Structures are given as C-alpha cells and as structure tokens.
2 protein chains.
Amino acid sequence: MTDDLLADRDAWLNTNCSIASALEVVGNRSTLLLLREASFGTRRFDDFARRVGVSEPVAAARLRQLVADGLLERRPYREPGRRTRDEYHLTPKGAALLPVLTALRQWGDAWTADPAGPSVRVEHHDCGAVVHARLRCAAGHDVTPGDIDVRPGPGLLRADPAVAPKTP
Amino acid sequence: MTDDLLADRDAWLNTNCSIASALEVVGNRSTLLLLREASFGTRRFDDFARRVGVSEPVAAARLRQLVADGLLERRPYREPGRRTRDEYHLTPKGAALLPVLTALRQWGDAWTADPAGPSVRVEHHDCGAVVHARLRCAAGHDVTPGDIDVRPGPGLLRADPAVAPKTP
DNA sequence: CCGCTGACTTAGGATTACAAAAGTCAGCTG
DNA sequence: CAGCTGACTTTTGTAATCCTAAGTCAGCGG
C-alpha cells in the first residue's frame, strides 16, 4: 500500500505520534470497556464495575483517571429518599471516541467470528439502519485499506531538521 | 443518547461482546503500535522494534502472537548476498483494523493537542485528500455520536432466555 | 569452515494491572 | 443518632508487561 514513500521512515521520530498519545489515554482493556459502557448509557459506579466485569478498585482507579483526562465528568444526582451522589457522563472528548469503539466492534463482529452473530446492534436513531465506521477522504470518496498513502505531516519531528516539511 | 432502551442492560451478558473479543487480540499498546507500523509498510523485525520503541523480547512475543492470531503472516525474502529471512506482512484480517487505527489517530490529533499539528498525514491514493474514519449508517447517512440507539443483537446471550431476541 | 549479521531467546528484575476481601465514610431515613 | 447504602479505599497477593543485558542460532561470504 505504501512503499517508497516510507523509505526514510526512520527519520521520522515517533515521539509525536497521535496514535501513541491516544493510546496513552485509552490504551488498556478496561478503559475502553468502561467507555463502551458509558456510550451505552451506564452512569453509576457499581454498574460500571459489574457490567465491565472488573473489580471495584480497578473501576475506581480507571474512572478517576478518565475524569482527570476529561473523557468523563461527574455530575451530582439525587434519587428520592437517597443522598446526593455523582454519576459519570461522557464529555465531548469521550464521546469523540465512538468511532474507535465502533471500528473495534465492527472488526470483532467480522473477524472474531461468533456464529450466533453480534450481541449488540447499533442503529442510526433517525432511520434504524446499522451504524458502521468507514474510511472516507476529505473529497468524499470511500477509501479501502489498500488505497492509502502515508506522508509526513506538519507536526513531524525529524531526525534531520533540514528535511522537515515546511512549517511557515 | 440511549436511555430506556438500556434499562435492562444488566440482563445482557457481556461474555459475547465484540469489543471485548477484539480487545483480547489488540487490547494493548504495543500490539496496536506494531500494527500501525505494519500499515505504514514496516516489515522487518528490528525495524518494528526500533520504530515502535519496544524491546526485542517484547517485539518478538507480540509479533509471534499477531502471526498466531492471523493478523500478520511471515513471508520469506532474500536480499542479494544475504540469507533467506522472513518478513511480516499484514493479512486481510490485520488490514481490516485500519479503521481502528485511523479513528485512534484522528482522536489523538483532535484531543491530545500537539500544537505543531499531526506528524503523519494519511492521504487517499487516488486524490490526495486526507483520510478520516467516519460513522455512517447502512442507509448512507452520516451519523454523529448523539444519533445512536443501542439494541440487543442476534448473538446476545441473556440472563433470562425468555426475552432473548429471536434466533430462527 | 570461520566469522558476521539479522533475528531472535533467555535470564533477571522493575513496574503495572488486576482480583478478592475487608474496611471506610457520608448523609438520609427512621 | 443508629443503621443502611452506594461509592469508594486499603490490603494482600498474583499475573502480565516491560526493560536491559547477554546469549543463541542459521546460513551466506570469504
């Protein structure tokens, strides 16, 4: 898919990789599963722990980190006859991970074949059709994995500054 | 985004979640970074280790697991005057993760703000426009994170079999 | 057949992730 | 103001993950 473009790939420093920095935040199993639950509408501590299948200490630590990272926010709520508590809501930053979760689910459905079919169906609210993550270019074309070129971007740090892409 | 639909979310067993099973395969940092490199065209052992920034034992273990899981395959190659060796190529199953990597990169670009901008630009080969991961429904509509309904799917295992979705 | 090289493996140790079980704590109810 | 409850925290212990440093090993070139 990409060959000679990457001949000097070693000159690109990986310290500035967006995938790596995204994985700093969501790069472990329980974090992504907690976000799955949040996107499904789960909001309370013990629901998160039980539905994700994780112990309470882990749920507490991960939720705290997700709040610190700005993917979830705590909001007070009050059930009648109960004390005030906080629930966890997705922020825009957290909701923006939905394409990642969707792409993962789609891949799991397609390749980790469970003969019974997917256990969850995500629908477009307006029309009821199934939602997928798709690759598309800014010109509006559908893109397949083989149709891609990778090039240095503006934020690239190069081992050799002389050949860095123009930064006006 | 989804409320009453999920009132009985606890009746859904999570043992059959596609996201969880996808994360069994790619749910750690180094695996996804190795796949990033593979999608950028890296094929040789020490290039993987160096570019991902991971030690040799870890690279060996992860690459072996990726081959066992069918995301990479080994192919013999021979440089003139050198012995035959194997390189690692993406299989269709591995290449199918490109939407996941793209969605992650896009999120990292948008939210883990590096003021210099993204370090990599992924272009559509045919037209040069930037490639994004987008949510779209089967009817062709663009979908935003707020436009989504989650429903039980055909493969759902329920705590109460009486209310399981029809499985003909 | 000796040495070089790329691709690993082995050994040892640090760090992180996780579970189970028990304890804490705030504040509403009675 | 005692008890209950949801939401944690603490403790203890195990397993996974990762690092560095030092081997091993196959086979081609000399």
Side-chain angles (χ1 to χ4, degrees), chain A residues 9-10 14-15 17 20 23-38 41-69 72-89, chain B residues 9-10 14-15 17 19-21 23-38 41-69 72-89:
Chain A
R9 178 79 178 78
D10 279 331
N14 286 319
T15 52
C17 172
L23 290 174
E24 294 290 326
V25 180
V26 297
N28 61 40
R29 190 180 142 74
S30 48
T31 297
L32 278 168
L33 292 178
L34 287 167
L35 290 167
R36 174 200 69 184
E37 282 309 316
T42 297
R43 295 185 184 162
R44 290 160 68 158
F45 178 81
D46 54 349
D47 288 336
F48 276 111
R50 185 169 21 82
R51 292 175 184 170
V52 168
V54 86
S55 66
E56 290 178 351
V58 171
R62 293 279 163 273
L63 287 171
R64 200 184 317 120
Q65 190 59 49
L66 283 167
V67 171
D69 288 337
L72 296 178
E73 64 178 13
R74 302 175 73 128
R75 284 193 213 158
Y77 74 99
R78 172 85 179 271
E79 286 187 355
R82 292 285 152 83
R83 52 184 282 216
T84 303
R85 295 202 167 274
D86 282 338
E87 50 184 18
Y88 298 89
H89 283 254
Chain B
R9 179 78 178 79
D10 280 330
N14 286 320
T15 52
C17 172
I19 296 180
S21 52
L23 291 174
E24 293 289 327
V25 180
V26 297
N28 63 39
R29 192 180 141 74
S30 48
T31 297
L32 278 168
L33 292 178
L34 286 167
L35 289 168
R36 174 200 70 186
E37 282 308 316
T42 297
R43 295 190 182 158
R44 289 159 69 156
F45 178 83
D46 53 349
D47 288 337
F48 277 111
R50 185 169 21 81
R51 292 174 184 171
V52 168
V54 87
S55 66
E56 290 178 351
V58 171
R62 293 278 164 271
L63 288 170
R64 199 183 317 119
Q65 190 59 47
L66 283 167
V67 170
D69 288 337
L72 296 178
E73 65 178 12
R74 302 174 73 126
R75 284 194 213 156
Y77 74 98
R78 173 84 180 272
E79 286 186 354
R82 292 284 151 84
R83 52 182 284 214
T84 303
R85 297 202 166 273
D86 282 337
E87 49 185 18
Y88 298 89
H89 283 253

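Only a predicted model underlies this, so the values are computations on that prediction, with no experimental measurement involved. Below, chains carry the letters A, B, ... as their sequence lines are ordered, and counting in each starts from 1.
Applying a 4.0 Å cut-off to non-hydrogen atoms, the residues of residues 57-65 of chain A that approach DNA chain D are A/P57, A/A60, A/R64, listed by residue number.
Within the 4.0 angstrom heavy-atom criterion, no nucleotide atom of any strand lies near A/R29. Residue A/F48 is classed as having no contact, given no heavy-atom separation below 4.0 Å to the nucleic acid. Within 4.0 Å of B/R85, counting heavy atoms only, lies at least one base atom of the nucleic acid. Residue contacts shown for B/Y77 are limited to sugar-phosphate atoms, with no base heavy atom under 4.0 Å away.
With contacts defined as side-chain heavy-atom distances shorter than 4.5 Å, the pair B/V26/B/L35 qualifies. Side-chain contact between B/Y88 and B/R75: absent, with no pair of heavy atoms (C-beta onward) separated by less than 4.5 Å.
In this structure, the CD atom of B/E24 is 14 Å from the C1' atom of C/dC18, given to the nearest Å. Summarising the geometry, the separation between CZ on A/F45 and P on C/dA26 is reported as 17 Å, rounded to the nearest angstrom. B/R82 has its CZ atom 13 Å from the C1' atom of C/dG3, to the nearest Å. Across the protein-nucleic acid pair, A/L34 atom CG and C/dC18 atom P stand 10 Å apart, rounded to whole Å.
Shown are B/T42, B/L66, B/L72, B/V58; of these, the side-chain contact (heavy atoms from CB on, under 4.5 Å) with B/L34 is made only by B/L66. Tested against B/D86, the residues B/R74, B/R44, B/R43 include a single side-chain hydrogen bond (donor to acceptor under 3.5 Å, both in side chains) partner, B/R74.
No side-chain donor-acceptor contact under 3.5 Å links A/R29 to the backbone of A/L33. With hydrogens and angles ignored, the 3.5 Å screen pairs a side-chain donor or acceptor of B/S21 with a backbone N or O of B/C17.
Atoms CD1 and CD, on B/I19 and A/E37 in that order, are 9.0 Å from each other to the nearest 0.5 Å.
Here the range on DNA chain D touched by chain B, meaning any atom under 4.0 Å from one of its heavy atoms, is D/dT17 to D/dG29.
The two atoms that bring A/A38 and A/F48 nearest to each other are N-CE2, 3.7 Å, heavy atoms only.
Listed pair A/S30 / C/dC18 meets the phosphate criterion, a side-chain N or O lying under 4.0 Å from OP1 or OP2.
Using a 4.0 Å cut-off between a side-chain N of Lys or Arg and a carboxylate O of Asp or Glu, A/E87 and A/R85 do not qualify as a salt bridge.
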